[in-house]
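Sequence lines set the chain letters: A, B, ... in the order given, protein chains first and strands last, and positions in each chain run from 1. Reckoned from all heavy atoms, side chains included, excluding hydrogens, waters and symmetry mates. Here the structure is a predicted model, which means the values were calculated and not measured.
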Amino acid sequence: MTRSPLKRLAGMAPAGVLGLLCVAAAAPGLLVPVSPGALDLPYLAPGPQHLLGTDNIGQDLFSELVYSARISLCAAFLASLVSTSLGVLVGLAAGYLRGLWDEWLMHMTDVFLLLPGLPLIILLAAYLNSGLTGIALVIGLTAWPSTARVVRANVRQMRQNNFIRSAEAMGAGPVYIMLRHILPNIYPLVLAKGTLAAASAMVAEAGVSFLGLGDPHYRSWGAMLHEAFTSGGLLNGCYWWYLPPVACISATVLSLTLVGQRLIDPDDVPPVPARPVPSPYCSDDHKVPSKEMLRVKDLSVDFLNADGVLSRAIDHLDLTVLRNRRLAVIGRTGSGKSVLLLALMGLLPQNAVISGRILFKGRDLATLPEKAFRKLRGRDLSYVPQGAGSALNPLLRVGYQVAEQARAHQRMSRGEAMERAVRMLRKTGIPEAERRSRDYPHRYSGGMIQRALVAMGLISGAPLILLDEPTKGLDPANRDALLHILTQMDDRTLVAVTHDLGFAERFAQQVVVMLDSRIVEIAPSNRFFNKPLHPYAMALLRAQPRHGLQVLASSETGSLQAPGCPFRNRCGKAFSKCHTMPPLVDMGGHWVRCWRYDPKSTQPA
Amino acid sequence: MGISRGKIFRYLLSILFVLSLNFLIIQFLPGDPLVHLVGEEAYIHLQARNPSSLAELRAKYGLDRPIHERYLTAMADILRFRLGWSYQYGRPVSHILFYRLKWTLLLLGPALFLSAVFGLFLGCLCGRPGKNLPDRFMTPLFLTIYATPAYCLAFLLLLVFAFSCDFLPLGGMTGSAQTGRVSAGDVLRHLALPLCVLALHTTAYLTIIMRSTVRQAFTEDYVITAVSKGLKPRVVMLRHVLLNALSPFVTAMAINFGFIAGGALLVEVVFSWQGMGSLMYEAVLARDYPILSGCFLILALSVIGANVMADIFSTFIDPRVRDDAVAP
């Protein structure tokens, strides 16, 4: 998605403002014909002679404004230099050395963070009676803690990286590692924090100068405001005296802030892709036969990344899920199976582009407006998220969150819903469900969270339930208990995405294998686990413990952009035809995407 | 239950640091500490006329004693609210401070309350994902307001309101300072503009903070879970996003309390509102050091107090903090 030229221009504005200011600071003579010392009549309003009028002693305000830019910018730059260097120093040391160093440096940082900046600067400036450098130094000395904290957090994260570990293993000293390995890597962050520090330093300097504590020899914008305020510019209505410095301060601070934020977070504004256009479809598509729960037709999902490049997560997927059957989707991380679930739930992130159709209850979910989709969620199809992350709200009681699902669509009292939630939790194997339902999620173990999520998915009685890695982090006993619950439910259609082949074998009646955003095999569970057809599926099963853990020799991923079968480089049985994408071949209810099973293919299976 | 031991230690350390800093500035910065006690004019006068009396005074105030003794005396004085003598006003600093603090609180309290409410609301409005009209208009506006220091904003508002309409005064606290009678309506009329300026600036600031907190919250797994339940957008926002954003928001507000209060001080100067800000301004002009360090002390301690309050608030909101399971 390309931005409009106007927006691009607006994006350049902050840099433009800063560039202009730098010119003004470096060579004020270029912009101003009148020297700032020249006197004319006082209180002249803006006109051709004096672009911004004159002040109470008849000085040209425009030239003063331009000459003041140098002072304000220098003060801000110097203060930012001091605070950023100090912050980086403390942050580096605390983050890298850790232990007692870290603890005390962070104590010190927090103590400094709590000092109120402006009052301290006023106090020190009043005592020191010093000039511009003094004030800039004082501002710098009070502003470093936030930089130190951010740098420390980053360094701690970076310290885990292999290149730091290997440098340590080679015997490099801490100072060397910090300077040569870590500092270059946090350089963009330092630059961003420095820019933001310059913005707040400019505000602080202007404030101190406005109070009349600035250097009398070097007048900054803040000092101009002080003059305008104390010499009656404000009360006499000489708006030309104080508005320009106000505008300059605010434009500079805004520009610095925007540039700094852009540096920290380059894609703060994610491009919003166009909503999918509802495609007209034949009327017979409208109705899914009663035996079918869900039919996915030619579904593709792409993610638009920050550079405006689309990357494909699901590629032309067709799938039919029969009513009251259990389906397992297996495949490794990144094969698109979790994205498939999110697409079915309409929970894809903002930057996803979806095409194709998802037919469910006579509707196309791919183009369903959010409002209508909301009414389906939880009631007609429910979702059991992965338990490994923070799928439960940390601030609400577990029982309440389970009950919330029930209450979202059905009229029932709070107590009634809670009762049902407790029953559901007990059913999924939460011990002392009554008491534990009143606990907050952080008191639950990983396995208990997973079971609570399943309880949440089941409670509303939705006919179609989508489960994302339901056995992740469960021990064998818990896994068997969950399996028992899920296989008991004959009146629901279950779709589970999983890595766990052992679980898939016992859970599913139908298995779908995904590889690099495509389906490569669909088969009834017993046939699949007895005799998988696709070389990738065979490799997956061979890697199971009972088959002697024959791990795939190479984990090289076929590039999505390269045409042909994504597995051909690792297959070992690939031949010339594999450079084109094979179709799904029907082997009598067992579908496989491989040229070796194509009847027209020359190579025998 | 409550604030962790590490936090309490950190706050005590902060208080000790603020008190010591205040002491050290008086003792070690250029100039005779005696100036701090007798006033600049009297000091110069004595120095010219009667230098031996300076030594006597030094002995009287204990300035000739070793530093640690002086430090302990100073700490004991602070504990008894003896913050020194203001030669500009001829009264104890603590009396003046507490009188002026009232007026600052009258300005700062309502401004903070208003901007917290508006900031929460507008931040939620602007932080929603997807096509978001309020975000497109309000965020640039608020960024601009945030980039304009509060007292500059005061200039602008004065230009627009006070000169064009007679109802709102240019500054001061009451219209009838001579008679000494203070009516509530009069004070409110004088409070209106400074309050607006401060509330507007702080709202802009807090909205920006809240917006990024909300945007962050929307990427959390539990919000996706909440949406998958088919909850109404309003319920997702209030119960799942806002509830989780509340504690970071209040913490951010407390950490930036010093910044917000600093803005209030300068706004007071513009409107000649007789609070701490004007007090500091007058003290700067008169080089009244005891007042300045007293103001610093009060403000630094209230920033620490604000953070303690934010931590207590977190323990109410977040069960993990109550259980010491995470640092807030």
Side-chain angles (χ1 to χ4, degrees), chain A residues 107 110-111 113-120 122-124 126-129 199 203 206-207 210-213 225 229 234-235 237 239 242-243 246 249-250 253-254 257-258 272 345 347 350 374-379 382-383 385 389-396 404-405 408-409 440 442-443 456, chain B residues 10 13-14 17-18 25 29-31 129-131 143-144 147-149 151-152 155-156 158-159 163 170 220-222 224-231 239-240 243-244 255 258-259 261-262 265-266 269-270 280-281 284-285 287 289 292-293 295-296 299-300 303-304 307 317-320 323 325:
Chain A
H107 277 320
D110 278 5
V111 163
L113 196 66
L114 289 183
L115 284 181
L118 190 69
L120 180 61
I122 292 174
L123 182 62
L124 286 173
Y127 264 104
L128 289 168
N129 274 329
V203 172
F210 170 67
L211 284 180
L213 281 167
L225 288 175
F229 180 64
L234 188 67
L235 292 176
Y239 59 89
Y242 57 84
L243 280 191
V246 165
I249 292 172
S250 127
V253 173
L254 183 62
T257 311
L258 289 177
V272 180
M345 286 302 296
L347 293 174
Q350 286 290 312
R374 175 164 60 75
K375 292 190 176 134
L376 291 182
R377 287 193 201 114
R379 196 185 66 193
S382 77
Y383 176 62
S390 58
L392 287 174
N393 187 334
L395 305 189
L396 295 175
E404 195 181 32
Q405 166 82 306
H409 299 284
Y440 290 97
H442 71 273
R443 292 199 176 167
M456 197 152 87
Chain B
R10 231 169 245 202
L13 205 65
S14 288
F17 178 71
V18 165
I25 286 173
L29 283 187
K131 252 191 194 156
L143 265 172
T144 313
T148 313
Y151 61 94
C152 292
F155 283 168
L156 298 182
L158 271 177
L159 183 67
F163 288 110
L170 278 174
E220 298 282 353
D221 289 342
Y222 54 80
I224 294 177
T225 308
V227 174
S228 82
K229 289 176 179 177
L231 300 176
R239 213 180 275 161
H240 294 273
L243 187 66
N244 277 283
I255 285 182
F259 174 78
L265 299 183
L266 295 173
V269 173
V270 175
M280 282 189 97
Y281 180 59
V284 163
L285 295 181
R287 293 286 186 260
Y289 298 117
L292 278 180
S293 55
C295 285
F296 167 68
L299 287 165
V303 171
I304 296 173
N307 280 275
I317 289 280
D318 195 333
R320 291 170 299 177
D323 284 359

Original post:
Side chain, backbone, both or neither: which part of A:Leu347 has a non-hydrogen atom closer than 4.5 Å to chain B?
Top reply: side chain
Subject >> B:Leu243 and A:Leu396, any side-chain heavy atoms less than 4.5 Å apart >> reply: yes
Subject >> Top contributor to chain B interface from A:Pro385, A:Gly378, A:Gly117, A:Ser390 [non-hydrogen pairs under 4.5 Å] >> reply: A:Ser390
Subject >> Side-chain heavy atoms of B:Tyr222 within contact of B:Asn244, under 4.5 Å >> reply: yes
Original post:
Does any heavy atom of chain A fall under 4.5 Å from the side chain of B:Asn307, the backbone, both, or neither of them?
Top reply: side chain
Subject >> Proximity breakdown for B:Val284 and chain A, heavy-atom pairs closer than 4.5 Å >> reply: side chain
**OP:** Go through the atoms of A:Pro394 and report whether side chain, backbone, both or neither lie under 4.5 Å from a heavy atom of chain B.
**Re:** both
Subject >> Engaged part of A:Leu243 at the chain B interface, taking heavy atoms whose separation is under 4.5 Å >> reply: side chain
Original post:
Looking at B:Leu143, B:Leu13, B:Ile224, B:Leu231, which one has more heavy-atom pairs under 4.5 Å with chain A than the rest?
Top reply: B:Leu231
**OP:** Measure distances from B:Phe155 to the heavy atoms of chain A and classify the residue's part below 4.5 Å as side chain, backbone, both or neither.
**Re:** both
Original post:
Quick one: what part of A:Leu392 sits under 4.5 Å from any heavy atom of chain B, side chain, backbone, both or neither?
Top reply: backbone
Original post:
Between B:Ala261 and chain A, which part of the residue has a heavy atom less than 4.5 Å away: side chain, backbone, both or neither?
Top reply: neither
**OP:** Apply side chain to side chain contact (heavy atoms under 4.5 Å, CB included) to the pair A:Met456 and B:Lys229, showing each step before the final yes or no.
**Re:** CA-CA 9 Å; A:Met456 197 152 87; B:Lys229 289 176 179 177; 3.5 Å; yes
Subject >> Options B:Val227, B:Ile255, B:Leu156, ranked by heavy-atom pairs under 4.5 Å with chain A, top entry >> reply: B:Val227
Subject >> Which portion of A:His409 sits near chain B, non-hydrogen atoms under 4.5 angstrom >> reply: side chain
**OP:** Starting from the C-alpha separation in whole Å, work towards a yes-or-no answer on side chain to side chain contact (heavy atoms under 4.5 Å, CB included) for A:Leu395 and B:Arg320.
**Re:** CA-CA 8 Å; A:Leu395 305 189; B:Arg320 291 170 299 177; 4.1 Å; yes
Original post:
Pick from A:Thr257, A:Val203, A:Leu225: which one has the most heavy-atom pairs with chain B under 4.5 Å?
Top reply: A:Leu225
Original post:
What residue, out of A:Val253, A:Val246, A:Asn393, has the most heavy-atom pairs lying under 4.5 Å from chain B?
Top reply: A:Asn393
Subject >> Close side-chain approach of B:Tyr151 and B:Val269, heavy atoms under 4.5 Å >> reply: no
Original post:
Given that the side chain runs from C-beta out, which part of A:Arg443 has a heavy atom under 4.5 Å from chain B: side chain, backbone, both or neither?
Top reply: side chain
**OP:** Pick one of side chain, backbone, both or neither for B:Ile317, based on which atoms fall under 4.5 Å of a heavy atom in chain A.
**Re:** both
Original post:
Atom CG in A:Leu211, atom CG in A:Leu118: separation rounded to 0.5 Å?
Top reply: 6.5 Å
Original post:
Side chain, backbone, both or neither: which part of B:Leu265 has an atom under 4.5 Å from a heavy atom of chain A?
Top reply: side chain
Subject >> Part of A:Ser382 within contact of chain B (heavy atom distance under 4.5 Å) >> reply: neither
